[in-house]
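To start, the structure under review is shown below, and the notes come after it.
As the structure is a prediction and not an experimental result, all values here were calculated from the model. Reminder, nothing fancy here: chain letters follow the sequence lines and each chain counts from 1. Values reported hereafter were calculated over all heavy atoms of this structure, with side chains retained and with hydrogens, waters and symmetry mates removed.
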2 protein chains.
Amino acid sequence: MLSPLRLEPAFAPPALPMAAASVIRYAAGEEIFAEGDTADLVYELVEGTVRTGRLLRDGRRQIDAFHFAGEAFGFEAGDVHRTTAEAVGEVAVRIVRRRALSDLAARDGDVARRLYQVTIAGLQRSQDHVLMLGRRSACERVAGLLLLLADRAGGSEIDLPMSRQDMADYLGLTIETVSRTLTQFSQEGLIALPTVRHVELLERDALEALCE
Amino acid sequence: MLSPLRLEPAFAPPALPMAAASVIRYAAGEEIFAEGDTADLVYELVEGTVRTGRLLRDGRRQIDAFHFAGEAFGFEAGDVHRTTAEAVGEVAVRIVRRRALSDLAARDGDVARRLYQVTIAGLQRSQDHVLMLGRRSACERVAGLLLLLADRAGGSEIDLPMSRQDMADYLGLTIETVSRTLTQFSQEGLIALPTVRHVELLERDALEALCE
DNA sequence: CGAGGAATTGAGCAATATCAAACCCAGTGG
DNA sequence: CCACTGGGTTTGATATTGCTCAATTCCTCG
């Protein structure tokens, strides 16, 4: 379901100029780029979690995607970022000049192909997201997110990198509904919630059934 | 807002083998490809409107996108279609072998670049859709769809190619809510609704304000 | 003119949002 | 060591939006 947007090994240090010098760290909550910024850089996430999303004027926020280590983000069709990217917790990113990358892609068909795959995988994730937001109930959405996070954690133990607010803004719900749904799952024995930021999936099948 | 997924002129007849022979017509409601079909063809819409979307087991449907003349659809990361494509009204599509296209892209960097642009534009449309479904009210969603359709009609007169059910399944609403919202807009003087399938935007600014 | 599907309208209901209060905990300073 | 503070989270009560179910109307086509 979740095809990771991995660019490596295309992005491994030797493959790109100035790779070593271009790793930058961000503190929790820091903005990496904002809606409207010129999009002359793309990013590869070395460590941590990043959220990309948009803000409506009245403060409503929608998170488009969470990005995890190894994934790339910040690609745009035009010359301006349409989303804002922020660090969720501590983050290290490798910065790549967009121009350098497109030059490389123009010379090397393999890089071009990988770039295309990354984008189309992002499109498919976004389509899954659309289905989730358009046609699923609060329970189904929360279950879907937990499964997605478990998939990439590679087990049934999840250390949530993000706050309830982040989860809500990804799922198109309120913080209260997310919280209630989690305690409901917990009471039903579907998950254990030893701490606020740690979830254990106890009945994966039941959660998957919610998402069918 | 709506970047059309145009492939022409890359796809103009001379650029592709067997272009003349590969135009196919579909009747209203006909399926062009289905979720799970092998994805060895891609499509360029010559005439009409196509909807792509997915169905949950219990019958809930979510339309990912409407495609209009000149746009391409049917691209997949894997070798299987993840969505179903159906004709909305009468449709003519040009069929292109995926293999032939990727070969062409491998030889011609310009084709590769265009392909990439098409995909990333689709991603951005999907992200707009996510924002719409996650954080907008019924009124805002309907207004958004009307503006999107007006944009591509190039005026304030819209001949709706799709049914209320299609609109609802795109917007993540029910048919009744779409209908009520349209009559509400009509009563408020924002639109005129001379027939069921024809809409005229009277107060474009007010509709845009709903979507800010 | 009649029939059938699509669209509209109405009434009541369920899911989720909103508003408000309580709680939990980590970090801080006494 | 312990009270205090403050942000994030949970819980509760109520409001609201959009859904469901049902009836009616409107077109389109025969």
Side-chain angles (χ1 to χ4, degrees), chain A residues 27-29 51 56 58-62 86 88-90 132-146 158-188 191-199 210, chain B residues 27-29 51 56 58-62 86 88-90 132-146 158-188 191-199 210:
Chain A
R51 60 176 184 251
L56 298 182
D58 59 10
R60 286 178 289 180
R61 184 176 72 149
Q62 178 64 47
E86 290 160 327
V88 178
E90 298 283 303
M132 187 156 193
L133 297 177
R135 287 300 177 207
R136 304 193 115 111
S137 68
C139 284
E140 294 167 330
R141 295 185 206 184
V142 172
L145 177 57
L146 291 179
I158 310 170
D159 276 309
L160 296 174
M162 74 286 283
S163 67
R164 296 290 186 270
Q165 187 67 62
D166 286 335
M167 296 174 72
D169 287 344
Y170 177 79
L171 297 173
L173 299 171
T174 60
I175 193 176
E176 292 96 333
T177 299
V178 171
S179 179
R180 277 186 247 271
T181 304
L182 287 172
T183 65
Q184 181 196 326
F185 284 172
S186 173
Q187 283 166 359
E188 293 167 352
I191 64 172
L193 219 90
T195 78
V196 163
R197 289 293 184 108
H198 192 260
V199 182
L210 277 175
Chain B
R51 59 175 184 252
L56 298 183
D58 60 9
R60 286 178 288 179
R61 185 176 71 149
Q62 178 64 47
E86 291 160 326
V88 178
E90 300 282 302
M132 188 156 191
L133 297 178
R135 288 299 176 206
R136 303 191 114 108
S137 69
C139 285
E140 293 168 331
R141 295 185 205 185
V142 172
L145 177 56
L146 292 179
I158 309 171
D159 275 308
L160 296 173
M162 74 286 285
S163 67
R164 295 290 187 271
Q165 186 67 61
D166 286 335
M167 296 174 72
D169 287 344
Y170 178 80
L171 297 173
L173 299 171
T174 60
I175 194 177
E176 293 95 332
T177 299
V178 171
S179 180
R180 276 186 248 270
T181 305
L182 287 172
T183 67
Q184 181 197 325
F185 283 172
S186 172
Q187 284 166 358
E188 294 169 351
I191 63 173
L193 219 90
T195 77
V196 163
R197 289 292 184 109
H198 193 260
V199 181
L210 278 176

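- We find that CD1 of A/I175 is positioned 14 Å from P of C/dC19, with the value rounded to whole Å.
- In this model, the phosphate group of C/dT8 is not approached by any side-chain N or O of B/R180 to a distance below 4.0 Å at OP1 or OP2.
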Short N/O separations, protein against nucleotides 16-18 of chain D, under 3.5 angstrom:
{"from": "D/dG18", "atom 1": "OP1", "to": "B/A138", "atom 2": "N", "distance (Å)": "2.8"}

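- Summarising the geometry of B/R141 relative to B/M132, their closest heavy-atom pair is O-CE, 2.7 Å, with the distance given to 0.1 Å.
- Between A/L173 and B/R135, the shortest heavy-atom distance links the atoms O-NH2, 2.8 Å.
- Looking at heavy atoms from C-beta onward, B/Q165 lies in side-chain contact with B/D169 at the 4.5 angstrom threshold.
- Toward the 5' end of DNA chain D, the nearer of the two residues B/P194 and A/Q165, judged by each one's closest nucleotide, is A/Q165.
- Between the P atom of C/dA6 and the CE atom of B/M167 lies a distance of 16 Å, rounded to the nearest Å.
- The CG-C1' distance, from B/L160 to C/dA7, rounds to 13 Å in whole Å.
- The interatomic distance linking A/R135 (CZ) with D/dC19 (C1') rounds to 11 Å, in whole Å.
- Residues meeting the ring pair (Phe, Tyr, Trp, His ring centres under 6.0 Å) test with A/F185, sequence neighbours left out: none.
- If you take CD of A/E176 and P of C/dT16, they are 14 Å apart, rounded to a whole angstrom.
- The CG atom of A/D166 sits 9 Å away from the P atom of D/dT9 (whole-angstrom rounding).
- A/E188 pairs by the side chain to side chain donor-acceptor pair (under 3.5 Å) definition with A/Q184, not counting sequence neighbours.
- The line from CG of A/L193 to CG of A/L160 is 8.0 Å long, rounded to the nearest 0.5 Å.
- The CD atom of B/E140 sits 14 Å away from the C1' atom of C/dA17 (whole-angstrom rounding).
- For the pair B/I191 CD1 and C/dT8 C1', the computed distance is 14 Å after rounding to whole Å.
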